[in-house]
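Heavy-atom basis, side chains included; hydrogens, waters and symmetry copies ignored. Since the structure is predicted, the reported quantities are computational estimates derived from the model, not experimental observations.
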Amino acid sequence: MKNSLKELIANAARKAHAAGVLTTAEFPAVEIEEPKNDTHGDFATNFAMLSAKAQRMAPRKIAQALLDHMEDPQAMILRMEIAGPGFVNFFLKPTAWPPVVQQVLAQDQTYGASAIGAGVRIQVEFVSANPTGPLHVGHGRGAAVGDSVANLLQLCGFDVQREYYINDSGRQIQTLGRSVLLRCRELLGETVVFPEECYQGDYIRDLARALIDAQGEALVRRSDDQAVLECARFAAQAIIAGIRQDLETFGISFDRWYSEQSLYDNGRIERSLEELKSRQVLYLQDGAWWFKTTDFGDEKDRVVVRQNGLTTYFASDIAYHRDKFERGFDRVIDVWGADHHGYIPRMRAAVEASGYAPERFEVVLVQLVNLLRDGLPVAMGKRSGDFVTLREVMEEVGSDAARFIFLTRDHESPLDFDLTVAKQKTNDNPVYYVQYVHARIASILRKAAEQGLSDLCWDDAAGARLVEVEEIQLIKALARYPEAVQAATLALAPHRITFFLMQLAALFHAYYNKHRVLGEDPVLSRGRLCLVAAVQKVIRNGLTVLGVGAPDQM
RNA sequence: GCGCCUGUAGCUCAGAUGGAUAGAGCAACGGACUUCUAAUCCGUAGGUCGCAGGUUCGAAUCCUGCCAGGCGCGCCA
């Protein structure tokens, strides 16, 4: 709807210029908005005001020129007016709207899809939690955001790959192995001092028990190094399996799990460091190798190889991101916890120094989650091992509620997640508010089927009966969905879909309370049935983007 | 000290590329179920968009400075 109007305006501008009324053909991009105030029409454009400078004309004069040259082949415009400083307001005929319903019904699951990303390969890397413990609530938010961003991109035609990077090398894995080994010894009757820097959670004990069951006491008889390694391997593997399962329960699966260790094993880290040396961005100082990230806008240089000869985490990341681009991705998106934001400049530097345009690398920062119960903070200490896992949250409030709530805020805003509210089945809890729309409509459709009205066959006669204000508002909202998807995608902001759905749900509930779908008049009933069926499809499509189910009954 | 994020109704938050009179929900108060699911709806009330300048036809939105809160500033990951 909006796009066809844009065409009309652009054509009018060209014609006006050809006719010599406008002085230059230098036009701004046509922008169209939906005025909040409906006395300003269905749509409005500020084209005349934006053109004033280039045309050296008064905005209202330009507006008049547009009106004089406007064509309307589909006869959808009722009237146009010039208003205020130079807005052009468009009032559409009531008959312009109902065809949208038909379009939604016809396109079904693909309504909202587009091809704006066609031919672009894009990778979204998210969660990537260290395999040293189960996922917690914060990871859940990152997972929900990352997966929905990927869904949005796919919907817009991008070729998307989801990837999880496993930090399965380095000191933390060693620590993991040590933690498990100590618990093993403890279980076998030794008295051990369990150091503070080891992982404290109960899951370490569980892993130790499982390992003893599998291997018996043979384990502790090995040399320390050997035993730690064995424990680490076993534990990391088990934890990753658990993470994978949690994510699956959460409705998320990855196309690829990428091992950090593999970057060492196949020499990629070595190679990328050599390459940086040859590009003269590495230098040796105090026995360590430094990357001159300051040449690329970072505030200080960063170490990639330590004095002791070990590479840093940053070195792995350089190799990893280089590999992403070598695999042919046009865009690379990392979803990170906001506490890593200080890492962005050096990572961007690394991308640029590796020979790739830094704009091709983007980071979505996800702010932290404050877990509450009855409005009071739930204690969360990673030190103490006393944190609430994603699995526990899913078990308590359900995956749908959790995912929806994670997406009720801009990912750059911190989020209060109240377990009590998440379980409530009231207006406080927007998941049910939206899902209820789907269930209610399903109920109407069942009822209609009982009455022999199962075929939603659309015709102009039925469409012409959709004249109530609430109906036109609903249809307008449906028409807005594809734009909402595109805007959310371009901004990598899935929460906009959440808000779109809440708004559509509000419009539907109001309509439902005021008008009956199934009534005496068969033609009217059919028209309304098509309308609510279309609403149901858009609700379902939107919930699918969020990874939330659309139930037929509640 | 430097950097990033945040500051909008009593509370929790939306406000795409700058647009016309700044919006929801909750909480408060008053109403609507013999009819397609009341997990719903309708109404009332609520504002110096942190503060001060600037840019322009026009600023919650862009720029500068300040104030408040969060996070980050390791040869850790």
Side-chain angles (χ1 to χ4, degrees), chain A residues 29 31 33 35-37 39-40 44-46 49-50 52-53 58-59 83-87 89 130 132 167 170-173 175 260 285-290 298-300 302-314 316-317 337-345 365 367-368 375 408-410 412-416 418 421 424-437 439-448 450-451 483-484 486-488 490-491 493 495-496 498-500 502-503 505-506 508-519 525 528-529 532 553-554:
Chain A
E31 290 171 18
E33 55 163 23
K36 280 165 250 169
N37 185 341
T39 64
H40 294 142
T45 184
N46 56 1
M49 287 163 340
L50 293 178
K53 202 163 266 178
F87 289 103
N89 296 337
N130 294 337
T132 54
N167 294 114
R171 220 187 59 189
Q172 50 179 345
I173 284 292
T175 307
E260 178 188 9
Q285 186 183 302
D286 304 328
W289 282 96
W290 295 72
D298 197 6
E299 56 187 14
K300 54 179 284 197
R302 311 290 173 177
V303 169
V304 286
V305 183
R306 288 186 275 165
Q307 211 169 32
N308 62 11
L310 297 177
T311 54
T312 58
Y313 180 88
F314 182 40
S316 313
D317 262 347
D339 51 339
H340 288 75
H341 74 260
Y343 209 74
I344 296 174
L365 287 180
Q367 284 287 350
L368 58 134
T408 49
R409 273 181 201 11
D410 186 315
E412 299 219 330
S413 302
L415 167 70
D416 288 340
D418 194 314
V421 174
Q424 272 169 15
K425 300 182 170 173
T426 65
N427 224 339
D428 270 343
N429 193 357
V431 210
Y432 299 118
Y433 186 76
V434 174
Q435 285 185 324
Y436 191 41
V437 172
R440 268 185 151 173
I441 294 173
S443 175
I444 296 175
L445 294 175
R446 281 193 297 270
K447 189 92 177 180
E450 283 171 27
Q451 299 175 10
E483 298 157 24
Q486 287 178 25
L490 294 177
H495 76 284
R496 294 208 188 144
T498 313
F499 282 92
F500 173 88
M502 293 194 286
Q503 203 186 348
F508 173 78
H509 286 311
Y511 175 60
Y512 181 93
N513 273 277
K514 190 161 173 189
H515 302 285
R516 270 191 79 77
V517 174
L518 303 172
S525 296
R528 289 185 170 173
L529 215 43
V532 298
Q553 272 180 30
M554 288 172 71

How many Å lie between [atom1] on [X] and [atom2] on [N], as a whole number?
X	N	atom1	atom2	value
A/E412	B/rG70	CD	P	18 Å
A/I344	B/rC71	CD1	C1'	12 Å
A/F508	B/rA39	CZ	C1'	13 Å
A/I441	B/rU40	CD1	P	15 Å
A/R516	B/rC36	CZ	P	6 Å
A/L368	B/rU6	CG	C1'	12 Å
A/L365	B/rG72	CG	P	13 Å
A/Y433	B/rU40	OH	P	7 Å

Side-chain donor-acceptor pair under 3.5 Å between A/Q172 and A/T132, yes or no?
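Checked: A/Q172/A/T132 side chains show no N/O donor-acceptor pair below 3.5 Å.
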Could you give the distance separating [M] and [N] at their [atom1] atoms, to the nearest angstrom?
N	M	atom1	result
B/rG7	B/rA45	C1'	25 Å
B/rG18	B/rA60	C1'	11 Å
B/rG3	B/rU21	C1'	40 Å
B/rC67	B/rG30	C1'	42 Å
B/rC33	B/rU40	C1'	10 Å
B/rA14	B/rA24	C1'	7 Å
B/rA27	B/rA9	C1'	12 Å
B/rU17	B/rU61	P	12 Å

Is the backbone of [Y] close enough, under 3.5 Å, to the side chain of [X] for a donor and an acceptor to pair up by distance?
X	Y	value
A/S525	A/G519	yes
A/R528	A/R516	yes
A/H509	A/A506	no
A/R302	A/K300	yes
A/N308	A/L310	yes

Between A/V303, A/V305, A/D317, which is the residue that forms a side chain to side chain contact (heavy atoms under 4.5 Å, CB included) with A/T312?
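Only match with A/T312 under side chain to side chain contact (heavy atoms under 4.5 Å, CB included): A/V303.
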Of the nucleotides [options], which has the atom closest to the [X] side chain?
X	options	result
A/R440	B/rU17, B/rU40, B/rC42	B/rU40
A/D410	B/rC71, B/rA77, B/rA14	B/rA14
A/R496	B/rG15, B/rC75, B/rA39	B/rG15
A/Q367	B/rC73, B/rC5, B/rC75	B/rC5
A/M49	B/rG19, B/rU12, B/rC75	B/rG19
A/S413	B/rA14, B/rC36, B/rC41	B/rA14
A/D416	B/rC13, B/rC5, B/rC36	B/rC13
A/A288	B/rC76, B/rA39, B/rC75	B/rC75

At 4.0 Å (heavy atoms only), tell me whether [X] reaches a base, stays on the sugar-phosphate, or touches nothing.
X	answer
A/K514	nothing
A/W290	base
A/E483	nothing
A/P414	sugar-phosphate
A/A510	sugar-phosphate
A/A44	base
A/E33	base
A/E299	sugar-phosphate

Toward the 5' end of RNA chain B, which comes first, A/N308 or A/T45, by nearest nucleotide?
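The residue mapped nearer the 5' terminus is A/T45.
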5′-ward residue of the pair A/P35/A/L445 relative to RNA chain B:
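Closer to the 5' end of RNA chain B: A/P35.
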Which base sits across from [N] as a Watson-Crick or G-U pair, both distances under 3.5 Å?
N	answer
B/rC13	B/rG23
B/rG72	B/rC2
B/rG7	B/rC67
B/rA28	B/rU44
B/rC62	B/rG54
B/rA38	none

Is it the case that the base of [N] and the side chain of [X] share a donor-acceptor contact (distance under 3.5 Å, atom types as modelled)?
X	N	result
A/D339	B/rG72	no
A/N89	B/rA20	yes
A/H341	B/rG3	yes

Mind listing the closest non-hydrogen atom pair of A/M502 and A/P430 along with its distance?
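Scanning both residues completely, I find the closest heavy atoms to be SD-CB, 3.3 Å.
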Which atoms form the tightest heavy-atom contact between A/N429 and A/Q424, and what is the distance?
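For A/N429 versus A/Q424, the nearest heavy atoms are ND2-O, 2.9 Å.
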Using the aromatic ring of A/H340 (for Trp, its six-membered ring), decide whether it stacks on the base of B/rG72 within the limits of 5.5 Å and 30°.
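No.
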Aromatic-base stack, A/F87 on B/rA20, cutoff 5.5 Å, angle under 30
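Aromatic stack with B/rA20 present for A/F87.
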Can you tell me if [X] touches the phosphate of [N], counting only side-chain N or O atoms and a distance under 4.0 Å to OP1 or OP2?
X	N	result
A/T39	B/rU21	no
A/Y436	B/rA39	yes
A/H495	B/rG15	yes
A/R171	B/rC76	no
A/R302	B/rA77	no
A/R409	B/rU6	no

Any side-chain heavy-atom pair of A/V532 and A/F508 under 4.5 Å
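A side-chain contact exists here, since the closest heavy-atom pair is under 4.5 Å.
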Assigned glycosidic conformation for B/rC33 [threshold 90° from 0]
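What B/rC33 shows is a syn base, its glycosidic angle lying within 90° of 0.
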